[in-house]
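What follows is a short report on a single structure.
Keep in mind that what you see is a predicted model, and the values were worked out from it rather than measured. Excluded from the calculations below are hydrogen atoms, water molecules and symmetry mates; all remaining heavy atoms, backbone and side chain alike, are included.
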Amino acid sequence: MSGLLGHTPMLIAKEAQHMAKNASGNDSVAFQKAAVVMMGAMVAASVGGVILQLYKELRGREEHGRGR
């Protein structure tokens, strides 16, 4: 795929780190910051997914615990 929509954040982060190695000065810093931002987005998505799953499980237990 040629667009960014087909790439995962991890792939983009790896590519940004690779570009940071080959760049110099402020460009290198910018690519490294982009990699950190993408890794942060992955962490946030992972944590959000875990919290959502826990919420669903806890809510399900409450629903099953109630009598009809």
Looking at every heavy atom in both [X] and [Y], which two are closest together, and how far apart are they?
{"X": "A16", "Y": "A34", "result": "CB-CB, 4.4 Å"}
{"X": "A13", "Y": "A35", "result": "O-CB, 3.6 Å"}
{"X": "A20", "Y": "S28", "result": "O-OG, 3.0 Å"}

Could you work out the complete set of other residues in the hydrophobic cluster of F31, with links drawn between I, L, V, M, F, W and Y side chains under 4.5 Å apart? M19
If you link ILVMFWY side chains whenever their heavy atoms are less than 4.5 Å apart, which other residues fall into the same cluster as V37? By chain and number, please. none
Single-linkage hydrophobic cluster V47~Y55, side-chain heavy atoms < 4.5 angstrom: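 Different clusters.
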Would you compute the distance between atom [atom1] of [X] and atom [atom2] of [Y] and round it to the nearest 0.5 angstrom?
{"X": "M39", "Y": "M42", "atom1": "CE", "atom2": "CE", "result": "6.5 Å"}
{"X": "M38", "Y": "L11", "atom1": "CE", "atom2": "CG", "result": "9.5 Å"}
{"X": "Q17", "Y": "I12", "atom1": "CD", "atom2": "CD1", "result": "13.0 Å"}
{"X": "T8", "Y": "K14", "atom1": "OG1", "atom2": "NZ", "result": "8.0 Å"}

Are the side chains of Q53 and E57 in contact, using a 4.5 Å heavy-atom criterion?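 In short, these two side chains touch, coming nearer than 4.5 Å.
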Is the number of heavy atoms from other residues, nucleotides or ligands under 6.0 Å of N26 CG greater than 12?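 Atom CG in N26 is not packed in, count stays at 12 or less.
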